[in-house]
Asks: 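What follows is a single structure, and I will ask about it in a moment.
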Amino acid sequence: MTSSYLPLAILLTSALTSPLIFCLREDDHRARTVLNLGAALFNFGLVVWLTIGLMSGGVFITHIPFLPGVDIVLHGDALSVLFAALSSLLWLVTTVFAIGYLEYKPHRSRFFGFFALCVSATMGVSLAGNLMTFLVFYEILTLATYPLVVHWGDARSVRGAKVYLRYTLFGGGLLLIGTAWLYAVVGTGDFIVGGLLSGMANEELAVDPAVLTAIAFFLIAGLGVKAALIPVHGWLPVAMVAPAPVSALLHAVAVVKAGAFGIVRVIYDVFGITLAAELHVTTGLAIVAAATIVYGSLCALRQDDLKRRLAFSTVSQVSYIALGTALASPIAAVGGIVHLIHQGMMKITLFFCAGILKETLGVDRISAMNGIGRRMPWTMAAFTIGALGMIGVPPTVGFVSKWYIGTGALDAEAFWVLLVLGASSLLNAAYFLPILNSAWFKSPNGSWYEKRSGDSAETGWFLLLPPLFTSMMVLLLAFGATEPWSPLGWTTQLALREFGFTEPMP
């Protein structure tokens, strides 16, 4: 099966929905709901179609003229489908949550219009077939997300959005320098299985290794801003002023994952793991990722604001992707890449639950959560599963990711990584278990405990169903990890086929 239209159709599904939503009146709730859910369902169906086509040996690529000698290329390959599947599924789930969350709030058409545009940019990042295409959609994602961060319009939101924009535009500038430099010295930026640069003969490449190292620095540093690697992580906790659906989107799918996904693309599809290791790019990346893992966890320990604690947790957890990528081991690569999916499911669950607590009970401080599990048992059950997954407790997907990264570290003889993983898990436990202890085992200390007159459930179903679904996925994807259809099974085959690895997986 060959198609040049399917990747473009996936991109346009949300892009064309956006202007339609902008045109809707604020009180046109039904039309907005139908448009949002219909587009999300159709987009997910197209991604499933693309996945099935790839499994059957299909080729899906779209070329759109952009600059002289440079095309916008949308390419459906195994890696892009992995990220696109995550984005489309969680877009659908987050849309359901956002409909319930924003039901009685102003500026809903503006919110959902930019929300759809943000998802369209994320799809562009997912399906990018070369570095120029990735850069274009990476920057569109920055601009489309800014109105979502500043949505409430108060002074705190404006300040947080400005910080977000300064950081991400700076990162985009670094990525632009690296991209332009690569095109200048090589003439192309195509994503090639095994690495564009590794695939070139030495006499064809003829580039000073120092130049290649500098290009790698600009590319990874630019991507590292959105991936929240230290010391350019500061925007992420500040951006938590955004509405809960936006926070969930930032952490689980769009901005943070776009940076991490880009690092995977640069290491494997631009440089190739062998050349990246020879240039010591992977060594530097592994050190920064390890430091970010520990630093983010230490910062999370000090936060009483629930969303800020979760934000610093994301700073730590997303760096598992970079660490697994940098270890130059096929097993670690599987662990790092599959964490794109696993961390997304866990973190979106936690942010959904934080949004429910804030929206329903007005609780946003950990110190005010004593006994809250008695008032919100289903919400806190979902939160508990997500938190245990973050710690890496079996049988959750968090355990699967850490197991593969740890096994890969042994395979690469990077024994120090085991110390980082152990320290991270202990710190994860230190900042999540006290929350669970307070919520389930301490006496209530807030006026929220008494149910309001007429309340028959802990919150609306549009708010409650999304975290229940994603928390079940945290368990089901772990139990089904050995199945070929699971993210782990797909990623294992991706590592063996796409990255040229031939070693058996555990």
Asks: Atom OG1 in Thr94, atom CD1 in Ile348: separation rounded to 0.5 Å?
Replies: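 Output value for this atom pair is 3.0 Å.
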Asks: Counting distance only, does the side-chain N/O of Ser297 pair as donor-acceptor with the main-chain N or O of Ile293 below 3.5 Å?
Replies: yes
Asks: Do any pairs count as a ring pair (Phe, Tyr, Trp, His ring centres under 6.0 Å) and have a residue in residues 312-348, sequence neighbours left out, and if so which ones?
Replies: Tyr320-His339
Asks: Holding to side chain to side chain donor-acceptor pair (under 3.5 Å), I want the full list of residues that pass it with Ser425, two or more places apart in sequence or in another chain.
Replies: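 By the side chain to side chain donor-acceptor pair (under 3.5 Å) rule, Ser425 matches Lys402.
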Asks: If the condition is side-chain contact (heavy atoms from CB on, under 4.5 Å), which residues does Ala354 pass it with, not counting sequence neighbours?
Replies: Leu306, Lys307, Leu310
Asks: Could you grab the distance from atom CG of Leu169 to atom CG of Leu176, nearest 0.5 Å is fine?
Replies: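 So the CG of Leu169 and the CG of Leu176 are separated by 11.5 Å.
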Asks: Between the side chains of Thr188 and Tyr183, is a donor N or O closer than 3.5 angstrom to an acceptor N or O?
Replies: no
Asks: Could you tell me which residues satisfy side chain to side chain donor-acceptor pair (under 3.5 Å) with Trp235, sequence neighbours excluded, listed by chain and number?
Replies: none
Asks: Looking at every heavy atom in both Pro395 and Phe479, which two are closest together, and how far apart are they?
Replies: CG-CZ, 3.5 Å
Asks: Report the residue from Leu388, Leu350, Val393 that forms a side-chain contact (heavy atoms from CB on, under 4.5 Å) with Phe432.
Replies: Leu350
Asks: State the OG1-CG distance between Thr407 and Leu418, to the nearest 0.5 angstrom.
Replies: 8.5 Å
Asks: Counting only pairs under 3.5 Å, give me each side-chain donor-acceptor contact of residues 118-136, with atom names and distances, residues two or more places apart or in other chains.
Replies:
unit_1: Ser120; atom_1: OG; unit_2: Leu11; atom_2: O; d: 3.1
unit_1: Thr122; atom_1: OG1; unit_2: Cys118; atom_2: O; d: 2.9
unit_1: Ser126; atom_1: OG; unit_2: Thr122; atom_2: O; d: 2.9
unit_1: Asn130; atom_1: OD1; unit_2: Met132; atom_2: N; d: 3.3
unit_1: Asn130; atom_1: OD1; unit_2: Thr133; atom_2: N; d: 2.7
unit_1: Asn130; atom_1: OD1; unit_2: Thr133; atom_2: OG1; d: 2.6
unit_1: Asn130; atom_1: ND2; unit_2: Asp71; atom_2: O; d: 3.0
unit_1: Thr133; atom_1: OG1; unit_2: Val73; atom_2: N; d: 2.8

Asks: Do you know which two heavy atoms are closest between Thr95 and Ala40, and how far apart they sit?
Replies: OG1-CB, 4.4 Å
Asks: Taking only residues two or more places apart in sequence, or in another chain, which ones meet Val150 in a side-chain contact (heavy atoms from CB on, under 4.5 Å)?
Replies: Tyr146, Val158, Ala161
Asks: Not counting sequence neighbours, list each pair that qualifies as a side-chain hydrogen bond (donor to acceptor under 3.5 Å, both in side chains) and has a residue in residues 78-88.
Replies: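 Passing the test, one end in residues 78-88: Asp77-Ser80.
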Asks: At what distance, to the nearest 0.5 angstrom, does NE2 of His63 lie from CG of Leu74?
Replies: 9.5 Å
Asks: Between atom CG of Leu46 and atom CD1 of Ile10, what is the distance when rounded to the nearest 0.5 Å?
Replies: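 One gets 5.5 Å once the value is rounded to the nearest 0.5 Å.
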Asks: Please name all residues satisfying side-chain contact (heavy atoms from CB on, under 4.5 Å) with Leu419, sequence neighbours left out, ordered by chain then number.
Replies: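 Leu419 satisfies side-chain contact (heavy atoms from CB on, under 4.5 Å) with no other residue.
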Asks: If you look only at distance, which donor and acceptor atoms sit under 3.5 Å apart when one is on a side chain in residues 210-232 and the other is two or more places apart or in another chain?
Replies:
unit_1: Thr213; atom_1: OG1; unit_2: Pro209; atom_2: O; d: 2.9
unit_1: Lys226; atom_1: NZ; unit_2: Tyr138; atom_2: O; d: 2.6
unit_1: Lys226; atom_1: NZ; unit_2: Thr142; atom_2: OG1; d: 2.6

Asks: Does Arg308 have any side chain to side chain donor-acceptor pair (under 3.5 Å) partners at least two apart in sequence or in another chain, and if so, which?
Replies: Gln303
Asks: Applying side-chain contact (heavy atoms from CB on, under 4.5 Å), can you list everything that pairs with Arg159, at least two apart in sequence or on another chain?
Replies: Arg156
Asks: Partners of Ser486 by side chain to side chain donor-acceptor pair (under 3.5 Å), sequence neighbours excluded?
Replies: none
Asks: Count the heavy atoms belonging to other residues, nucleotides or ligands that lie under 6.0 Å from NE2 of His280, then report whether that count exceeds 12.
Replies: no
Asks: Got a second to check how far Ser316's OG is from Leu427's CG, nearest 0.5 Å?
Replies: 8.0 Å
